[in-house]
2 protein chains.
Amino acid sequence: MNTPRKHAIRPATLEAIVEAAVRVLNANAGATMSEIAVQAGVGRATLHRHFRTRDDLVSAIGIRCVEEMNAAVRAQATAGQPAVDRLRSMFRAVIPLGDRYSFLGTDYTDDPKVREGYRTQLHWAEALVEDLKDQGDVARDVPSPWVVAQIDQLVWTAWNAIAEGYLSVNEATDLAVRTLTEGLR
Amino acid sequence: MNTPRKHAIRPATLEAIVEAAVRVLNANAGATMSEIAVQAGVGRATLHRHFRTRDDLVSAIGIRCVEEMNAAVRAQATAGQPAVDRLRSMFRAVIPLGDRYSFLGTDYTDDPKVREGYRTQLHWAEALVEDLKDQGDVARDVPSPWVVAQIDQLVWTAWNAIAEGYLSVNEATDLAVRTLTEGLR
DNA sequence: CAAATATGAGACACTAATGTCTCATTTACC
DNA sequence: GGTAAATGAGACATTAGTGTCTCATATTTG
């Protein structure tokens with residue numbers, strides 16, 4: 001029987017836990033189960049019922065975040081477009097998830113699924129950079145890891161700008177593309 | 001009497017502790033006093049002798065790092081030069097300290113001295129950005145916080161590139177300036 | 001409404017880290 | 001070389017977090 005009869009989780013409870021965990025762990029990687037429980041508005045025991053150990057919870061959050069990112073990218077991945085447009089689409093999709101993203105950097109999990117998802121993103125980015133170079137949007141003499149790192153950082157910078165309220169999503173997206181290709185001059 | 005008679009610290013011991021703490025805390029913000037002691041090659045008790053609590057140690061490291069950064073910037077700050085050259089000098093001085101720098105982001109201390117040092121850096125960067133705009137190296141329509149964030153991120157990216165061995169300090173510095181002003185096209 | 005079950009609250013044992021202390025040993029300095 | 005002080009090693013109490021369990025309550029489902 002695949003359906004557990006006891007302690008199935010209520011959707012609302014799961015939602016509350018996951019959202020709180022993302023938020024709290026993002027603010028403080030060393031956050032405690034109690035803090036997460038309080039922020040989620042559930043009992044600490046409920047956390048342990050559905051995520052037996054703290055590591056289980058962190059892993060689950062990691063998997064969820066990385067899958068969200070990949071899903072967002074995949075949803076925007078239209079093959080025919082020019083590379084710059086795909087870059088813009090990618091930024092557009094990923095920037096609003098900046099908070100989920102930063103979690104992955106800080107609280108790195110050793111979970112193989114997270115690692116795999118991360119590798120998927122990396123390959124995606126590398127392929128995109130290659131296309132950008134092919135189309136002359138990025139100079140050939142710039143090392144690809146530098147470009148990938150720059151894209152990564154721009155997502156974070158853009159999300160921050162939005163969070164701090166001085167740019168809209170669209171403005172931040174455009175500025176990210178512009179910063180990468182043309183620079184700020 | 002300002003000179004403590006008992007438990008003055010030996011320069012070599014202090015050096016070992018500080019270096020180990022920077023290294024270890026950078027790799028893992030939640031590192032334990034034991035880990036730091038082991039890495040420093042000193043007894044755990046010695047750590048507590050000179051830094052009564054863990055917070056004291058973290059604060060001290062934070063202060064030291066931020067002061068190192070400010071000193072490096074100050075040493076390079078020649079007033080007469082064009083803004084771009086000052087940007088390059090700043091990168092040149094700060095990039096090799098990337099590991100000290102990243103510590104400040106992760107393991108944020110509430111210590112007022114750290115905050116103050118951080119603010120100093122921020123003002124410095126803001127003034128530089130203003131000059132860059134005046135001289136046409138950065139477009140006026142780009143929000144200054146974006147530029148400052150970009151500079152910050154570039155320091156980290158450049159340090160990473162050096163740490164991973166695919167760029168030299170000079171190459172990374174040049175590429176950082178180029179990325180900021182001209183972009184990667 | 002009634003039965004089933006997910007949740008909340010709290011008690012509990014266990015572990016890991018912190019911070020204090022003592023004492024023997026090593027190091028620096030005169 | 002001798003003295004004073006810094007260090008290392010380890011014992012110790014204390015604290016904070018984890019993970020388990022139980023039982024009463026709230027919620028869903030039929």
Side-chain angles (χ1 to χ4, degrees), chain A residues 1-63 103 106-111, chain B residues 1-62 64 103 106-111:
Chain A
M1 245 184 280
N2 278 337
T3 329
R5 239 203 295 277
K6 297 221 167 196
H7 294 305
I9 193 167
R10 284 181 196 152
T13 306
L14 177 61
E15 183 65 13
I17 291 175
V18 170
E19 283 309 305
V22 170
R23 189 159 21 93
V24 173
L25 287 173
N26 224 7
N28 168 20
T32 175
M33 293 295 266
S34 293
E35 292 177 59
I36 298 172
V38 170
Q39 284 297 316
V42 305
R44 192 171 65 91
T46 304
L47 251 61
H48 282 288
R49 252 180 227 120
H50 302 298
F51 304 93
R52 215 164 54 97
T53 72
R54 189 181 182 281
D55 279 354
D56 285 351
L57 176 57
V58 174
S59 285
I61 299 299
I63 292 171
F103 164 80
T106 319
D107 225 328
Y108 81 96
T109 18
D110 290 335
D111 190 288
Chain B
M1 241 187 281
N2 278 336
T3 329
R5 239 203 297 276
K6 296 220 168 195
H7 295 305
I9 193 167
R10 285 182 194 150
T13 306
L14 178 60
E15 183 66 13
I17 291 175
V18 170
E19 284 307 306
V22 169
R23 189 159 20 94
V24 173
L25 287 173
N26 223 7
N28 168 20
T32 175
M33 292 295 265
S34 293
E35 293 177 58
I36 297 172
V38 169
Q39 284 296 317
V42 305
R44 192 171 65 92
T46 303
L47 250 61
H48 282 287
R49 261 192 276 269
H50 303 297
F51 305 93
R52 213 166 53 95
T53 72
R54 188 181 183 282
D55 279 353
D56 285 350
L57 176 57
V58 174
S59 285
I61 299 299
R64 179 165 172 135
F103 165 79
T106 319
D107 226 327
Y108 80 96
T109 20
D110 289 336
D111 190 288

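Chain letters run A, B, ... following the sequence lines, proteins first, then strands; residues in each count from 1. Just so it is clear, the model here is predicted, and its values are computed rather than measured.
Toward the 5' end of DNA chain D, the nearer of the two residues B:Ala45 and B:Leu14, judged by each one's closest nucleotide, is B:Leu14. Remark on DNA chain C: of its neighbouring residues B:Ala31 and A:Pro11, the 5'-side contact belongs to A:Pro11, judged by nearest-heavy-atom nucleotide.
With D:dT20, D:dA6, D:dG19 as the candidates, the nucleotide lying closest to the side chain of A:Arg52 is D:dT20. With D:dG19, C:dA28, C:dT18 as the choices, the nucleotide that has an atom nearest any side-chain atom of B:Thr32 turns out to be C:dT18. Comparing D:dT7, C:dT7, C:dG19 by their closest approach to the side chain of B:Thr13 singles out D:dT7. Of the candidates D:dG8, C:dT7, D:dT18, D:dT18 carries the atom nearest the A:His48 side chain, counting heavy atoms from C-beta on.
Nearest approach of B:Thr46 to B:Ile17, heavy atoms of both residues: CG2-CD1, 4.5 Å. Taking both residues in full, the closest heavy atoms of B:Leu47 and B:Ala37 are given as CD2-N, 4.0 Å, listed atom of the first, atom of the second, then distance.
Between A:Arg10 atom CZ and C:dT7 atom C1' there is a gap of 6 Å when expressed in whole angstrom units. Taking atom CG of residue B:Leu47 and atom C1' of nucleotide D:dA9, one finds them 14 Å apart after rounding to whole Å. A:Leu57 has its CG atom 16 Å from the P atom of D:dG17, to the nearest Å. In this structure, the CG atom of A:Asp55 is 11 Å from the C1' atom of D:dT18, given to the nearest Å. If you take CZ of A:Phe51 and P of D:dT20, they are 15 Å apart, rounded to a whole angstrom. Protein atom CZ of A:Arg54 is 14 Å distant from nucleotide atom C1' of C:dA16, rounded to whole Å. If you take CD1 of B:Ile9 and C1' of C:dA28, they are 15 Å apart, rounded to a whole angstrom.
For the OP1/OP2 pair of C:dT7 and a distance below 4.0 Å, the side-chain nitrogens and oxygens of A:Thr46 include no atom meeting the criterion.
Using a 4.0 Å heavy-atom distance criterion, A:Arg44 is classed as a base contact.
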Worked verdict on A:Arg54 versus A:Glu35 for salt bridge (Lys or Arg N to Asp or Glu O under 4.0 Å): CA-CA 12 Å; A:Arg54 189 181 182 281; A:Glu35 292 177 59; over 6 Å; no
Derivation of the side-chain contact (heavy atoms from CB on, under 4.5 Å) call for A:His50 and A:Leu57: CA-CA 8 Å; A:His50 302 298; A:Leu57 176 57; over 6 Å; no
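Contact of A:Arg49 with C:dG8 (side chain to base): a donor-acceptor pair of N or O atoms is detected under 3.5 Å.
Using a distance-only test at 3.5 Å, with no hydrogens or angles considered, no donor-acceptor pair links the side chain of A:Thr13 to the main chain of A:Ile9.
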